[in-house]
Amino acid sequence: MALKRQDKAAIVASVHQQATVALSAVIADYRGLSVSDLTDLRKIAREQSVYLKVIRNTLMRQAVKNTQFECLDNVLTGPTILALSLQDPGAAARIAKEFAKTHDKFKVRALAVGGRQYAASDIDVLASLPTRDQAIATLMMLMLAPVTKLARTLKEIPARLTRTVAAVADQKKSTQV
């Protein structure tokens with residue numbers, strides 16, 4: 001059934017709204033996947049805060065116009081599924097990479113981050129980006145390391161003095177006997 005003009009406008013507006021706040025995008029070909037496979041992919045995407053949309057290429061071109069994902073125009077051919085990472089830049093890439101491992105017909109075509117298009121072969125780089133929590137944990141460890149080292153050093157001064165005094169006392173006891 002053909003979409004009416006206002007339905008198309010609503011789809012374009014919805015995708016445009018998500019694209020303006022998204023951190024990264026993955027374009028993939030889903031040709032040959034079953035409905036249950038796509039349902040599973042949508043479920044995984046929802047859990048990871050990834051906006052997933054099967055959309056006509058002409059509507060997608062309009063939706064991503066004046067966003068950082070406008071660079072994806074040249075890969076919009078054939079059946080296309082759009083995955084937008086809303087909270088974690090690598091989330092859509094991780095989902096697409098894992099899904100492609102178990103579904104041979106799912107092919108990633110392109111990625112986009114920061115207004116630049118990347119080849120599908122770069123998905124490993126984007127998928128390996130740490131999540132927000134992992135990045136914060138790493139930063140906190142780096143910030144805590146100098147303080148921890150200082151505390152250990154300061155603790156070592158009295159401990160060394162105590163060991164020295166104990167060694168002198170042991171030496172004096174052994175010479176007296």
Side-chain angles (χ1 to χ4, degrees), residues 2-140 142:
L3 291 172
K4 295 182 180 173
R5 187 178 189 106
Q6 64 260 24
D7 295 336
K8 291 178 184 179
I11 291 170
V12 168
S14 172
V15 173
H16 182 77
Q17 179 185 11
Q18 297 297 325
T20 55
V21 297
L23 303 171
S24 67
V26 175
I27 299 288
D29 187 349
Y30 66 94
R31 191 181 333 213
L33 291 177
S34 67
V35 173
S36 64
D37 290 338
L38 284 175
T39 303
D40 292 342
L41 180 61
R42 284 186 173 105
K43 180 182 174 195
I44 294 167
R46 263 192 311 273
E47 292 169 354
Q48 300 291 326
S49 296
V50 172
Y51 179 79
L52 199 67
K53 187 75 172 171
V54 173
I55 184 172
R56 298 174 94 174
N57 294 327
T58 54
L59 297 179
M60 192 178 317
R61 280 188 186 93
Q62 292 174 11
V64 298
K65 192 174 239 175
N66 299 325
T67 68
Q68 64 174 327
F69 306 115
E70 196 169 12
C71 60
L72 293 171
D73 275 352
N74 61 339
V75 294
L76 297 178
T77 57
T80 302
I81 192 164
L82 172 68
L84 297 171
S85 296
L86 301 176
Q87 294 177 355
D88 172 22
R94 276 192 292 280
I95 289 170
K97 181 180 172 186
E98 289 301 314
F99 194 75
K101 284 181 183 176
T102 56
H103 299 84
D104 294 336
K105 295 182 180 186
F106 186 80
K107 303 284 185 216
V108 175
R109 275 195 248 147
L111 316 163
V113 179
R116 289 191 56 203
Q117 178 183 334
Y118 297 94
S121 59
D122 294 330
I123 195 162
D124 292 330
V125 176
L126 186 57
S128 66
L129 287 176
T131 64
R132 182 175 190 272
D133 293 338
Q134 290 170 339
I136 289 172
T138 303
L139 179 64
M140 296 312 286
L142 289 172

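All figures in this text were calculated on a predicted structure; none of them were measured in a lab.
- The NZ atom of K8 sits 10.5 Å away from the CD atom of Q6 when rounded to the nearest 0.5 Å.
- Atoms CG and CD1, from L38 and I81 in turn, are 5.5 Å apart once rounded to the nearest 0.5 Å.
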Fill in: side-chain hydrogen bond (donor to acceptor under 3.5 Å, both in side chains) evaluation trace for T67 with T20
CA-CA 6 Å; T67 68; T20 55; over 6 Å; no
For residues 53-61, which side-chain donor-acceptor pairs fall under 3.5 Å, sequence neighbours excluded?
unit_1	atom_1	unit_2	atom_2	d
N57	OD1	T80	OG1	2.8
N57	ND2	L76	O	3.4
N57	ND2	G78	O	2.9
R61	NH2	L76	O	2.9

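- I123 approaches A93 most closely through the heavy-atom pair CD1-O, 3.6 Å.
- Listed by first then second residue, pairs satisfying ring pair (Phe, Tyr, Trp, His ring centres under 6.0 Å) with a partner in residues 8-51 number zero, not counting sequence neighbours.
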Discussion item. Set out, in order, the CA-CA distance, both residues' side-chain angles and the distance that settles side-chain contact (heavy atoms from CB on, under 4.5 Å) for L41 and I95, then state yes or no.
Written reply: CA-CA 8 Å; L41 180 61; I95 289 170; 3.6 Å; yes
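- Rounded to the nearest 0.5 angstrom, L72 CG and L82 CG are separated by 8.0 Å.
- Considering OG of S36 and NZ of K43, their distance stands at 12.5 Å, rounded to 0.5 Å.
- For residues 65-88, no pair satisfies ring pair (Phe, Tyr, Trp, His ring centres under 6.0 Å), with sequence neighbours left out.
- Rounding to the nearest 0.5 angstrom, the gap separating the CG atom in D122 from the CZ atom in R116 is 9.5 Å.
- Checked by atom type and distance alone, the side chain of Q68 pairs as donor or acceptor with a backbone atom of A22 at under 3.5 Å.
- The backbone N or O of L23 sits nowhere less than 3.5 Å from a side-chain atom of S85 that would complete a donor-acceptor pair.
- Between the side chain of S14 and the main chain of I11, no donor-acceptor pair closer than 3.5 Å is present.
- Minimum interatomic distance between P79 and R31 (heavy atoms only, all atoms of both residues): CD-NH2, 3.2 Å.
- To the nearest 0.5 Å, the span separating CZ on R109 from CG on N74 amounts to 10.5 Å.
- Considering only heavy atoms from C-beta on, L86 stays 4.5 Å or farther from V50 through its side chain.
- For D124, the salt bridge (charged side-chain N to carboxylate O under 4.0 Å, His left out) criterion is met by K97, not counting sequence neighbours.
- With sequence neighbours left out, D104 forms a side-chain hydrogen bond (donor to acceptor under 3.5 Å, both in side chains) with no residue at all.
- Contacts classified as ring pair (Phe, Tyr, Trp, His ring centres under 6.0 Å) and involving residues 71-102 (residues at least two apart or in different chains) are given here: F99-H103, F99-F106.
- The shortest distance between side-chain heavy atoms of I27 and V108 does not fall below 4.5 Å.
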